[in-house]
Structures are given as structure tokens and as C-alpha cells.
Amino acid sequence: MSYWKKLEEDLNKAVKEAGYDTSVTLSLSNRPDLGEFQINDAMRLAKEYHKSPIEIANDIKRVLDEDKNFKDINIAGAGFINLSLTDQCLTSFVNEIKDNIENNIDKMEPKNIVIDYGGANVAKALHVGHLRSANIGEALNRLAKALGHKTISDAHLGDAGLQAGLVVLEMKERFPELLCFQEGYNGEDFELPIVKEDLKEIYPTASNKSKEDENFLNEARQITYQIQKNNIAYTKLWDKLSALSIVDIKETYERLNAKFDLWEGERDSFQYIPEMFDLLKEKGLTYVSDGATVMDVKEDTDDKEMPPILLQKSDGAYLYATTDLATIYGRMKRFPIDEIWYTTDIRQELHFTQVFRAAYKSGIVPESVKLGFYGFGTMNGSDGKPFKTRTGGVMPLNELIDLIKVECRKRLNENIVEEENRDNVSETIALAALKYADLLPFRATDYIFDPAKFSDLDGKTGPYLLYSTIRMKSLLNKAKEENIEYKNYTVIKNNTDKDVLLTLLNLPNVLKRAYESKSLNEVTDYIYKLTSSYNKFYSENKVLTEENDNLRESWLVLSKTVWETNMMLLNIMGIDCPEKM
Ligand code: ARG
């Protein structure tokens, strides 16, 4: 249990002792001149106990005055209790977490959670939307695990959409002699006449053709449908093209530190579709409208239009909603599940609302299981419109990372980083810059892509955090080289070191709120706050040459604790820290 929680329990014991059978919360004060913490529950209790808030606040104060953890207890305004922690309390807090940073996290009751993020489309380039999905999804996954949950992450690759038919058709036009296109083809293996780089050109070419040539489009649709029906030739070719493309996709996710337990695709849900349709039909939920199979998901309380969910087109083809619903069907069969989370562009919200409702309504998912959609906003260019390449195309994700890498390379200290490591280190810093900037605003908020700002060494940026974290580590390394021992935290000098302590103390609340809101913005704010308060302390004190042994020892313990906290939080954000920069 975190120290914060213990303090709260302590406090609540006092409240009971004062005669109030209730629990109150401790919060960090927004008036540090009055005290470090506040308790704002006296007004609420006044109603319950028919007493004045001041009287209640005084009752509580009297008990707390005897508690060795609290000091400077005073009552302000209508009955707000302000209080601070004694040095003894704060030092024992640090000693409790210094050897195990996990002691500063409150584990939750463990749940089984499937997290669906990434969502790259096979044979198409990854774009910035996929960056946000991978980055936010991975961070939420790591956060959930840090808080004690069991997760299964699934990349849920898009491999059943129209791009399948488009690419296969383009291949057919270019290479009609391919074995799979010959009469009587029976599934034999063959060699692809292209390499993975060619795919980058094949899909856009085919996509453009389909916009100009309706016959091409219709034929591609037909092939997509044939692949859904497992046509031997088209499926074999698409399998081989997918495998080729997935090599690239995996490399990009590796670059982003996104680690998936499952690399399944939309097509992996096909096996469940017949069963699922049987169930829906049996329950009388689906009907045919204009030849298409649909299901109503409207609810009485809807104030917006809620169209029926489209599960099969008139030509028999399945849709995005079909594979998503069938994927849920399959997951429920295969895994113990308490929750399923989705991280995609917020513009897909309607789709997920429909899918979730269909899942509950049909009983595929019981009410006790939570389906959560956690959408994100758009990364825009400086013009406020979705970020594009100079020629107006969709910016491929790898190019976007490279743009920041150039900026970070410019800022690298060449006196410190050896030539052979410069590329690697620039890459690590670039990803920190990009990932931190991406997690900084609340998940659903749009933000502007600004490589120079993201890469700045000063400011609320990934590079600033890395730079500061490396400096903490090098201080600890120097202490080691000089054989300076440090074991316990014993003294606080002034408000500068105390600020760092109070910030550390607040960590469990930050993690909990980030988990509840499924957004990392509080974590990014927090690590910045912790790092800047540490840097202030660092600039005001000479840790290694401090002559007072107790102070030096305490400060080294503090430095180690902050360094470890930073490393843990960077890890939750999926950010690596280089050794020097
Ligand atoms: N492939 C989709 C896209 O690029 C994202 C997939 C999101 N996940 C899901 N289960 N639908 O838009």
C-alpha cells in the first residue's frame, strides 16, 4: 500500500476517533501558504451531523494534533482543515520506497483486459493515426500492467478490407503468369515476383486506378469478397503479400516500442462469423434491408441518429463492423475477459458504439464485461488541418519519425556521444520527443505537430526529461566511483528538497487518475513536475561535495528514488533513455 494511502487511513482513524463514522480524503493543497494538504469534508459532514463545519473541523483537529505524522494543523474559512507533514513522516516515506519503487504504487484488484490498438492496415503505409493508436495503446497497456492487471494486447491488423482486392487485382494485371492465376490452381506454393518495397507503390497505384476506373473498383470488390469466402488462389496470394507487409509493420511497431501479444488480423475473425450469424438470427436480431443484413442498435435514450449496424452487404461481403463483432465473439470464447479496450481515432466512435451495443444486445458479451472505447484526437499541421506531406499526401509514419530525428540530431552534443552511436541516440531521443508530445495533451484533444518544439532540450519535452534523467544517473555513478555510501534518508534541508518529496508522495494518485481517464496526460505532467522540482534542488545544492554527511546521504537517496521513479514512468510511456546525449 502506498504511503499516501496509509496516511489517509491514519487520517480516517482520527476522524472516527473524533466521533464521525465516515471517510474523508486528503488532497494536495492549492494554498501552500496555509499548509501542504487540505481536508475539505467538514461542510459535507455538517449536513450529516447537524453541526457547524467549524465545530467538526475542530473535533478532527484535536485528534490530529496528537498524531506524529501531521503538524501545523489550522482551520480556515468555513471549516477547511489545512495541515502539513512532519519531517519524520516525510523521511520515513522516502525510506519506505527507496529500495522498492513499487511501494509507491497502489495495485488494483487485478482484471483481465484485452487491449486492441495499433490497427495497421496490411499492404498500406502506416500513418500518424497508427502512431497515436500504438503510442497511447501501448502506454495504457503498460500502465494497466503496472497497476496489477493482466493484459493481452492485440495489433488487430486491417487485412480484410478493400485494399486486399485492390492489391491482388493490381498483381493480376501486372503478373498474369503467376501460378495462382492459372486454371486448376490448387494451392501450391510459389515465389512472389515482388519485394516488400514494391508494395509501397502497388497499393497507391491500385487505389488511384479504382478512383478513375469503376470496372477496376468493382473487380477489386469482387476479389475482396472472394478472399472473405476463402477463394484458394486469391487467398494464397493475399496471405503471401500480407506476410511480406507484416515484416514492415512489425519493424515500425518495434521502432515505437509497441509490443503485441497477438498479431491477429480482421481475417482471423472469419472463422467465427457463421456461428455468430446463427446466434444473431436465432435471437431474431438481424433483418434484411435493401438486400443487406443489418441489426438495430438504437436505444430510447439516444438523442443522436443511430443507424442500424451493417453486417453483410447485398453482394454477401462482410464489413468493418462484421469483423469487429466476430473478433469480440472469438475473444470471449478464447480468453477470460473482464474488459476490452480500443484505442483508435475518435472519429471511429460511432462504429464502436454500434459494435458494442450489438455485442451486449446479442449476449455475445455479458453486461458484466466492460467494452471501452478510448478515442484520440488528430495530430494537425501548423495550419490546424490533419498533418500532411508537402505534396498534400498522408504522411507515412516512418517519414514523420525521421523529421523529428533530424531535429534531434542537430541538438546532439558531439563532444559526448561518439560518432558511431549518434544515429542510434538521435533515434532514441526522437522517439522520446514524439511520444512524449503525443501523450502530453488529454487523449481526445487535437494537437499540432511541431518537430522543433518537441525536440527542444528546455521545456516540457521528451529530450528535457531524458537529459535530466541521464544527469541523475551520472550523479549516482559518480557517487559509486567515489565510493560514497548512502543508505537512509534522514534530514530535510528546506522547501526545495521537500517539494521533491511531496511530489513523489503524490505519484499513486496520478497513476490512478490516469488509469481512470485512460489518458496519460497526468503522467506526462507529473514527470515534468517531478523532474523540474528535482532540477531546482540540484541547481541549489552540491550533492557530492556536501560536507554534512546526513544531508549528502539523504540527497543521494533522494536522487536515486527520483531517478528510479523517472525510469519507471518513462517505461510506462514506452520511452527508452540513452546512456548519454
Ligand atoms: N485498421 C483500422 C484503421 O486503420 C484500425 C483498427 C482499429 N481496431 C479495431 N478493432 N477496429 O482505421
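Reckoned from all heavy atoms, side chains included, excluding hydrogens, waters and symmetry mates. Every number for a ligand or one of its atoms is a count from 1 in the order of the listing.
Look at Phe352 and you'll find a heavy atom under 4.0 Å from some atom of ligand 1. Residue contacts with ligand 1: His130 is included, with a non-hydrogen atom under 4.0 Å away.
Side-chain contact check for His149 and Tyr515: at least one donor-acceptor pair (N or O, by modelled atom type) lies under 3.5 Å.
Among protein heavy atoms, the minimum distance from atom 12 (O) of ligand 1 is reached at Gln348 NE2, 3.0 Å. Ranking the protein heavy atoms by distance from atom 8 (N) of ligand 1 puts Asp116 OD1, 3.2 Å first. Ranking protein heavy atoms by distance to atom 10 (N) of ligand 1, first place goes to Asp324 OD1, 2.7 Å.
Below 30°, between 30° and 60°, or above 60°: for Phe190 and Tyr185 the angle between ring planes is above 60°, a perpendicular geometry. Classification of the Tyr374-Trp341 ring pair by plane angle, with boundaries at 30° and 60°, yields perpendicular.
Using a cutoff of 4.0 Å between basic side-chain nitrogens and carboxylate oxygens, Arg267 and Asp239 are scored as salt-bridged. Between Lys259 and Glu138, no side-chain nitrogen of the basic residue sits less than 4.0 Å from a carboxylate oxygen of the acidic one, so the salt-bridge criterion is not met. Salt-bridge formation is not detected for the pair Asp296/Lys361: no Lys NZ or Arg NE/NH1/NH2 atom is positioned less than 4.0 Å from an Asp or Glu carboxylate oxygen. A salt bridge links Lys333 to Glu275: at least one charged side-chain nitrogen sits closer than 4.0 Å to a carboxylate oxygen.
Listed by number with element, the atoms of ligand 1 under 4.0 Å from a non-hydrogen atom of Gly119 are 1 (N), 2 (C), 3 (C), 4 (O), 5 (C), 6 (C). Ligand 1 places these atoms under 4.0 Å from at least one heavy atom of Tyr342: 10 (N). Near Tyr320, the atoms of ligand 1 lying under 4.0 angstrom from a non-hydrogen atom of the residue are 2 (C), 5 (C), 6 (C), 7 (C), 9 (C), 11 (N). Those atoms of ligand 1 that come under 4.0 Å of a heavy atom in His156, given as number and element, are 8 (N), 9 (C), 10 (N).
An N or O contact shorter than 3.5 Å is missing between Glu266 and ligand 1 by distance.
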